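Written out below as structure tokens is the structure these notes cover.
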Amino acid sequence: MGLQRKDLLGLEHLTRAEIELILETARPMLAVLGRPVKKYPTLRGRIMVNLFYESSTRTRTSFELAAKALSADVVNIAVATSAVVKGESLVDTARTLEALGADWIVLRHSSSGAPHLLARQVRAGVINAGDGLHEHPTQGLLDLFTLLRRKGRIEGLRVGIVGDVLHSRVARSDIWGLTRLGAQVVLIGPPTLVPPGIEKLFPGVEVSYNLREVLPSLDAVQVLRLQLERQKRGLFPSVEEYSRFYRLDSERLRDWRAKPDLVVMHPGPANLGVEISEELANSPQSAIREQVQNGVAVRMAVLYLLAGGRTEE
Amino acid sequence: MAERSVQAKGDTIRAVQGAADATRGWLLKGGRVVDPANNVDGKADVLILNGKVVEVGPDLPRPAGMGEVRELDCDGLVVLPGLVDMHVHLREPGQERKETIASGARAALAGGFTSIACMPNTDPPLDTAAAITYVREKATAARAARVYPIGAITKGRRGEELAPIGEMVEAGAVAVSDDGLPVANASLLRHALEYSRRWGIPVIEHCDDPTLAPDGVMNEGPVSLRLGLRGMPAEGEVSWVFRDCLLARLAGGRLHIAHLSAAGSVEVVRWAKSQGIAVTAEVTPHHLLLTDELVASSGYDTSTKVNPPLRSEADRQAVLTALQEGVIDCIASDHAPHMEEEKNREYDLAPFGMVGLETTLALVMTRLIDEGYLSWSAAVERLAVAPARILRLPGGAGTLSPGAMADVVVVDPRAEWVVDPARFYSRGRNTPFAGWKLRGQVVYGFVGGELRFDRTVGGFLD
């Protein structure tokens with residue numbers, strides 16, 4: 001059994017059953033990664049291309065390791081943003097990769113919707129590795145997988161997403177994934193970064209501008225990276241002020257009466273000391289390292305299922 | 001302008017009769033004639049002689065001794081004054097791969113527009129009398145629709161100093177606009193409105209506050225939030241429309257709001273008109289028929305990217321109601337051709353704009369007339385009479401008044417066709433209406449009494 005689709009563009013259009021299938025498939029994949037020989041022959045002879053228009057060591061490496069663990073061949077292409085400005089066409093580049101034999105193109109791009117453009121125009125499968133402010137579906141899936149392993153369930157959990165929700169593709173994928181699996185989501189941050197009306201857009205989502213107030217009710221929290229340059233655009237007065245109201249550290253979790261088994265996640269890379277303290281990031285409450293490990297397993301599951309869920313004959 | 005108004009009826013007919021034997025003309029028999037300027041909507045014949053409309057009436061006899069008057073059977077067809085599109089981008093000079101004056105003028109006539117006004121955001125911009133003359137000469141040579149240039153408000157469209165408005169009007173400009181850019185400097189726009197009074201032309205503004213959404217690519221709202229595309233709030237347009245209406249009240253002059261798209265702007269224009277401020281407004285077919293949901297449902301298709309952006313359903317309903325009520329005066333296409341290579345890319349990197357010359361009439365017929373939102377008379381009012389009046393076009397443009405220049409289009413209201421951009425006369429293919437099944441097609445297009453477009457013989461007659 002596989003996913004009956006060519007591409008993975010976002011979690012918005014995945015059904016609950018499809019998401020659950022991916023999460024189930026990720027479990028044996030994780031087990032393989034724990035063995036001395038971390039390889040399945042499943043995708044032998046298939047080619048996955050990492051086409052990255054933004055630099056990202058962790059996502060690119062994670063996809064690369066996932067493909068290699070399934071014995072696929074991997075090509076990495078990093079395109080400087082300057083090439084985009086020079087007018088090199090994304091569609092043309094992708095068609096070239098397809099002509100070279102790519103079965104999947106994993107695309108990271110600063111423009112929302114760029115993978116949708118490709119998916120319509122190439123026969124190769126397109127996997128969205130983060131598009132602009134839109135979605136980062138494999139991150140959303142690995143966050144779900146991480147929570148599931150920590151908590152044993154998603155349904156009924158109350159999960160906070162703290163920070164720059166407005167500009168976060170991780171937040172959008174998390175929201176779709178969490179709500180589809182029956183979690184309650186609370187978006188937390190200053191009103192400039194948690195836009196008014198967003199709760200009407202996503203069913204089952206609440207908004208709070210006050211972390212202190214809402215923290216005790218949460219079972220898990222995803223802390224978003226703060227883009228420091230947003231300050232210059234008038235979205236918040238200073239990093240110091242932001243930290244004062246929205247930073248998470250162990251002392252604050254205690255003082256503000258967070259649940260003792262609160263799971264703390266961060267999609268990385270973190271501005272340690274700004275949105276999360278280094279000691280909390282490295283504490284037992286933090287699932288940040290597991291997120292990284294789970295990311296490879298979830299991406300293996302996605303590749304395997306897009307390939308039809310069959311092993312090579 | 002040499003000729004600003006329709007000649008008196010009697011003069012023309014006498015002149016025509018005096019030159020009887022040398023006459024060339026047309027007798028359009030038995031069509032449904034819709035001429036709201038003269039309160040005509042019914043089966044009638046139209047007699048054209050020497051480039052002018054002579055008479056509209058039932059069962060007109062073929063004039064005796066006029067062998068060169070050809071009869072055209074228009075039974076089952078609709079006969080209209082040539083339509084007027086007051087907002088078109090022709091891209092020449094400077095961007096001829098997108099569109100030329102000739103290709104745009106042909107697209108216009110094939111779409112039922114015998115007169116179009118072209119915006120000055122060319123390269124270089126139309127900001128001198130010489131540039132205006134250049135456009136007019138190119139247009140005359142094209143032998144398709146008439147093209148009336150719009151001059152820039154400010155030199156180089158830089159928003160700093162007034163362009164030579166008087167010289168441009170003398171050379172044939174019918175309005176001024178920095179379209180694509182609002183005039184940010186309030187005192188400069190005030191002066192443009194004041195100065196334009198001497199020349200009797202409207203000042204056309206593209207209303208949007210450029211500081212509110214400096215890098216927006218679609219309407220701001222739930223859809224932009226979901227898609228992760230940077231938004232352009234309707235408030236940026238509304239506040240600018242309000243500012244401009246107040247400046248028009250202060251300065252006098254005639255203000256025309258280009259491509260009004262937001263419900264709030266409708267309320268501002270309604271208020272301004274009630275205050276006696278001389279403001280008019282246009283709306284595009286895409287803002288009448290589409291919403292920002294299309295950006296999502298099309299999967300970020302860049303043919304939906306346009307400025308002002310496709311708005312919400314509430315905005316769409318508000319502009320449609322305003323058009324019905326006359327708060328919005330006219331329909332204009334904002335025809336903005338781009339190359340496929342430019343449009344086939346990431347949403348936030350693709351240029352804004354859609355073509356519209358060859359779909360506007362059929363969209364109005366299929367979606368507004370056939371569905372009961374506008375009568376034929378009301379539609380022709382908004383597609384011909386009103387824009388001709390706003391631009392004060394010469395020669396009775398937009399009417400079939402006796403003595404008016406014979407710009408006439410004949411439309412088959414039952415012809416069904418599917419929008420196929422590859423078949424456009426325009427060089428632009430960028431339309432969100434591709435694949436739409438529409439009803440209504442131009443069969444004949446006359447400009448100055450000359451049959452220039454005849455679909456029954458394959459199109460343009462050269």
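Keep in mind it's a predicted model, so treat the numbers as computed, not measured. Below, read A as the first sequence line, B as the second, and so on, with proteins coming before strands; counting in each chain starts at 1.
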>> Using a 4.5 angstrom heavy-atom cutoff, name the option from B:V295, B:T302, B:V217, B:L229 with the most pairs to chain A.
In response: B:L229
> So, the side chain of B:K98 versus the backbone of B:P337: is there a donor-acceptor pair under 3.5 Å, distance only?
Replying inline: no
> By a 4.5 Å heavy-atom criterion (distance strictly below it), what part of A:I198 contacts chain B: side chain, backbone, both, or neither?
Replying inline: both
>> With a 4.5 angstrom heavy-atom cut-off, is it the side chain or the backbone of A:L9 that approaches chain B, or both, or neither?
In response: neither
>> Counting only non-hydrogen atoms closer than 4.5 Å, does A:R169 touch chain B with its backbone (N, CA, C, O), its side chain (CB onward), both, or neither?
In response: neither
> Ignoring hydrogens and geometry, is there a side-chain-to-backbone donor-acceptor pair from B:S103 to B:E99 under 3.5 Å?
Replying inline: no
>> Under the criterion salt bridge (Lys or Arg N to Asp or Glu O under 4.0 Å), I'd like the reasoning laid out for A:R225 against A:E275: C-alpha separation, chi angles, the key distance, then a yes or no.
In response: CA-CA 7 Å; A:R225 176 179 169 83; A:E275 69 261 5; 5.4 Å; no
>> Can a side-chain donor-acceptor contact be found between B:D209 and B:T211 if the only test is distance below 3.5 angstrom?
In response: yes
> Using non-hydrogen atoms only, which part of A:Q121 is less than 4.5 Å away from chain B: side chain, backbone, both, or neither?
Replying inline: side chain
>> If we check side chain to side chain contact (heavy atoms under 4.5 Å, CB included) with B:T100, which of these qualifies: B:Q95, B:R427, B:R91?
In response: B:R427
